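Below you'll find the structure, written out as structure tokens, and then a few comments.
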Number of protein chains: 2
Amino acid sequence: MAKKNLESEIMLAAEKLFIEKGFEATSTTDITKMVGCNQALVNYYFRTKEKLFQKIFSQKLEHIWSFMTLESNKSISLFDFISRFINAYFEELTTNKKLPFFIINELVINQERRKFIREEIILSDKFQNYYTTLNNLVQAEVKKGTIRDIEPSDLLLHIISLTVFTFISLPLYEDFFLKDDVGVQNYVNDRKEEIIILIINGIRK
Amino acid sequence: MAKKNLESEIMLAAEKLFIEKGFEATSTTDITKMVGCNQALVNYYFRTKEKLFQKIFSQKLEHIWSFMTLESNKSISLFDFISRFINAYFEELTTNKKLPFFIINELVINQERRKFIREEIILSDKFQNYYTTLNNLVQAEVKKGTIRDIEPSDLLLHIISLTVFTFISLPLYEDFFLKDDVGVQNYVNDRKEEIIILIINGIRK
DNA sequence: GATGTATTTAATAAGTCTATTAAAAACAGT
DNA sequence: ACTGTTTTTAATAGACTTATTAAATACATC
């Protein structure tokens, strides 16, 4: 039996519900009902529902973002980067299937959160370094003549589009073709392999 | 001055707001405030907010879906299909930039709407024909040896992933890189060309 | 112009939601 | 065991929601 700590229990329940149903559709009553404590505790520990959300959101964002940059450092060549990155990305999202939708959704809906990301991530040194590293990898291959001349941003967008969309659309796949967990997992794995092939083939000369 | 017709004015306002902010975040008061009429009219014309939403949702879905099938019939070869389809798809979504997010969002959130799609679209003859046509196009090219052996579903998913994600993430691009309408349009056009190249290159042998 | 129907409004019921407040309970340290 | 602090609860204010109702207005047809 874990030590009872309502603050973190509320965080966990909120995380689950926010990711499942989004900010609007989740009430503080839902959250505390899940924990089994009084609704006022949300305000006691986090002041407002919005602040609780922000805490969870930036936590999740930091998680996924630090994961992304971590993966890029390990790579030596571009093709290595691509397949390694997509593999790790898929593995990461497989254990957090709803995360892509959660993040995209809130970023699209809420302009404030976009500004937050811009300042915290896009303008950060870490991102600039990350992008420069990727750019070097790409330029090296272009010079060698192994790939066509492509913007690193396009490459990155291809990877993110195809990976993220796979997980966003997962509930659709599940219900359209009546698949169980195993079926879904097979589908995800197949998509992963196919996406790697498409991208590597697609940038080759 | 158009003939005043509050029923359709409500529909239009609701369409705008639902697409902009989603079902939950839009209130019937918002909608009628926009039109400038009494809130009770929503219930008078559409019985419930949910029914109003459903009407708009299936209208939009029908629009995009009939567009997709229309485009497939015009194509003769696979490469023709791909570039023609992506071009038309992008053009369509350029005039309805928020539509992809709207549809995906509601489908992910609401299982009932997924079931609706399954019955109305996936299981329809029209879809089955559509898929068979695509399959024939793909098989023909595989036999000719011009492309690698790929599932038509994968090809379709590639196209949809890359196209839809471009528009879903548009607000992010806009705010991250501080682009105006012209900048955004250039970006969209560049992405379109790049996506066509990636896919055609990516399925070639 | 009277009469029946369709449209629109104002008022409001009944529910939900978040945040606040004051009191109660649990837990320290002495 | 007493005292001060932290945690938790119950109760509730106040602001929204959607949907319903009955009354008012506009419209059409005879």
Side-chain angles (χ1 to χ4, degrees), chain A residues 1-60 102 105-106 108-113 116, chain B residues 1-60 102 105-106 108-113 116:
Chain A
M1 197 73 78
K3 195 190 68 177
K4 205 178 181 182
N5 180 343
L6 291 182
E7 180 172 4
S8 59
E9 278 191 47
I10 290 171
M11 279 277 280
L12 286 172
E15 183 182 313
K16 197 162 213 165
L17 290 172
F18 281 146
I19 290 178
E20 194 78 28
K21 316 199 292 169
F23 180 78
E24 300 272 359
T26 302
S27 74
T28 55
T29 318
D30 289 343
I31 295 168
T32 49
K33 207 173 279 171
M34 189 173 219
V35 175
C37 69
N38 195 280
Q39 180 268 329
L41 279 189
V42 167
N43 301 92
Y44 174 72
Y45 282 118
F46 306 97
R47 288 221 50 71
T48 67
K49 179 191 172 187
E50 172 69 26
K51 282 203 198 322
L52 169 59
F53 182 88
Q54 273 173 17
K55 204 160 188 172
I56 288 164
F57 184 75
S58 36
Q59 189 181 285
K60 287 289 147 191
F102 173 68
N105 190 44
E106 296 300 334
V108 170
I109 284 175
N110 195 316
Q111 183 165 36
E112 284 308 308
R113 296 201 227 287
F116 173 78
Chain B
M1 199 72 80
K3 195 189 69 176
K4 205 178 181 182
N5 180 343
L6 292 182
E7 180 171 5
S8 59
E9 278 190 49
I10 289 172
M11 279 277 279
L12 286 173
E15 183 181 315
K16 197 162 214 163
L17 290 172
F18 281 146
I19 290 179
E20 195 78 27
K21 316 199 293 167
F23 180 79
E24 299 273 359
T26 303
S27 73
T28 56
T29 318
D30 289 342
I31 296 168
T32 49
K33 207 174 278 172
M34 188 173 219
V35 174
C37 69
N38 195 280
Q39 181 268 330
L41 278 189
V42 166
N43 302 92
Y44 175 71
Y45 282 118
F46 307 97
R47 289 224 50 72
T48 67
K49 180 191 171 188
E50 173 69 26
K51 282 203 197 322
L52 168 59
F53 182 89
Q54 273 173 15
K55 203 161 191 173
I56 289 163
F57 185 75
S58 38
Q59 189 181 287
K60 287 289 147 189
F102 173 67
N105 190 44
E106 296 300 334
V108 169
I109 285 175
N110 195 316
Q111 183 166 37
E112 283 309 308
R113 296 200 227 288
F116 173 77

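Only a predicted model underlies this, so the values are computations on that prediction, with no experimental measurement involved. Hydrogens, waters and symmetry mates are skipped; everything else that's a heavy atom, side chains included, is used. The chains referred to below are lettered A, B, ... by the order of the sequence lines, with proteins before strands, and numbering in each begins at 1.
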Seminar exercise, completed: Expected string for nucleotides 20-27 of chain D under the B/S/- scheme (protein heavy atoms, under 4.0 Å, primed atoms plus P, OP1, OP2 as sugar-phosphate) is B-------
Problem set entry | Criterion side chain to side chain contact (heavy atoms under 4.5 Å, CB included) on A:Leu52 and A:Met11, from CA distance to verdict | CA-CA 8 Å; A:Leu52 169 59; A:Met11 279 277 280; 3.9 Å; yes
Exercise. For A:Thr32, what residues pass the side chain to side chain donor-acceptor pair (under 3.5 Å) criterion, not counting sequence neighbours?
Worked result: none
Problem set entry | Residue-level proximity of residues 11-23 of chain B to DNA chain C when a heavy atom falls under 4.0 Å | none
For this session: Please work out which of the three classes, parallel, tilted or perpendicular, describes the rings of A:Phe18 and A:Phe23, given edges at 30° and 60°.
Result: parallel
For this session: In whole angstrom, give the distance that lies between atom CG of A:Leu6 and atom C1' of D:dT9.
Result: 11 Å
Exercise. Can you name the nearest heavy-atom pair linking A:Met34 to A:Ala13, along with the distance?
Worked result: SD-CB, 3.7 Å
Problem set entry | Interatomic distance where CG belongs to A:Leu41 and P belongs to C:dA24 [whole Å] | 18 Å
Problem set entry | Residues forming a side chain to side chain donor-acceptor pair (under 3.5 Å) with B:Lys60, sequence neighbours excluded | B:Glu15
Exercise. Is there a side-chain polar atom (N or O) of B:Tyr45 under 4.0 Å from OP1 or OP2 of C:dT8?
Worked result: yes
Exercise. Contact class for A:Phe46 (heavy atom, under 4.0 Å): base, sugar-phosphate, or nothing?
Worked result: nothing
Problem set entry | Residues which pass side chain to side chain donor-acceptor pair (under 3.5 Å) with A:Glu20, listed by chain and number, not counting sequence neighbours | A:Lys98
Problem set entry | Pairs satisfying salt bridge (Lys or Arg N to Asp or Glu O under 4.0 Å), at least one member in residues 33-44 of chain B, at least two apart | none
Exercise. What's the CG-P distance between B:Asp30 and D:dT17, to the nearest Å?
Worked result: 6 Å
Seminar exercise, completed: In whole angstroms, the gap separating P of D:dT18 from NZ of B:Lys51 amounts to 16 Å
Problem set entry | Atom pair distance, as rounded to whole Å: NZ in A:Lys33 and C1' in D:dT9 | 16 Å
Exercise. When all nucleic acid strands are considered with a 4.0 Å heavy-atom cut-off, which category describes A:Thr26: base, sugar-phosphate, or nothing?
Worked result: sugar-phosphate
For this session: Only pairs at least two apart or in different chains count here, so list each side chain to side chain donor-acceptor pair (under 3.5 Å) that has a residue in residues 50-59 of chain A.
Result: A:Glu50-A:Gln54, A:Glu50-A:Arg113
Exercise. By salt bridge (Lys or Arg N to Asp or Glu O under 4.0 Å), which residues pair with B:Glu24, not counting sequence neighbours?
Worked result: none
Problem set entry | B:Ser27: partners by side chain to side chain donor-acceptor pair (under 3.5 Å), with sequence neighbours left out | B:Asp30
Problem set entry | Distance in angstrom units between A:Leu52 CG and C:dC17 C1', rounded | 15 Å
Exercise. Can you tell me if NZ on A:Lys21 sees more than 12 non-hydrogen neighbours from other groups inside 6.0 Å?
Worked result: yes
For this session: Output yes when at least one side-chain N/O atom of B:Thr28 is less than 4.0 Å from OP1 or OP2 of D:dT17, else no.
Result: no
Could you list, one pair per line, each protein nitrogen or oxygen that sits under 3.5 Å from a nitrogen or oxygen of nucleotides 13-16 of chain D, together with the distance?
none

For this session: Calculate the interatomic distance between B:Glu24 atom CD and D:dT17 atom P; express it in whole Å.
Result: 13 Å
Exercise. Taking atom C1' of D:dT6 as reference, at what distance in whole Å does atom CG of A:Asn5 sit?
Worked result: 13 Å
Exercise. According to the ring pair (Phe, Tyr, Trp, His ring centres under 6.0 Å) rule, which pairs have a member within residues 29-50 of chain A, sequence neighbours left out?
Worked result: none
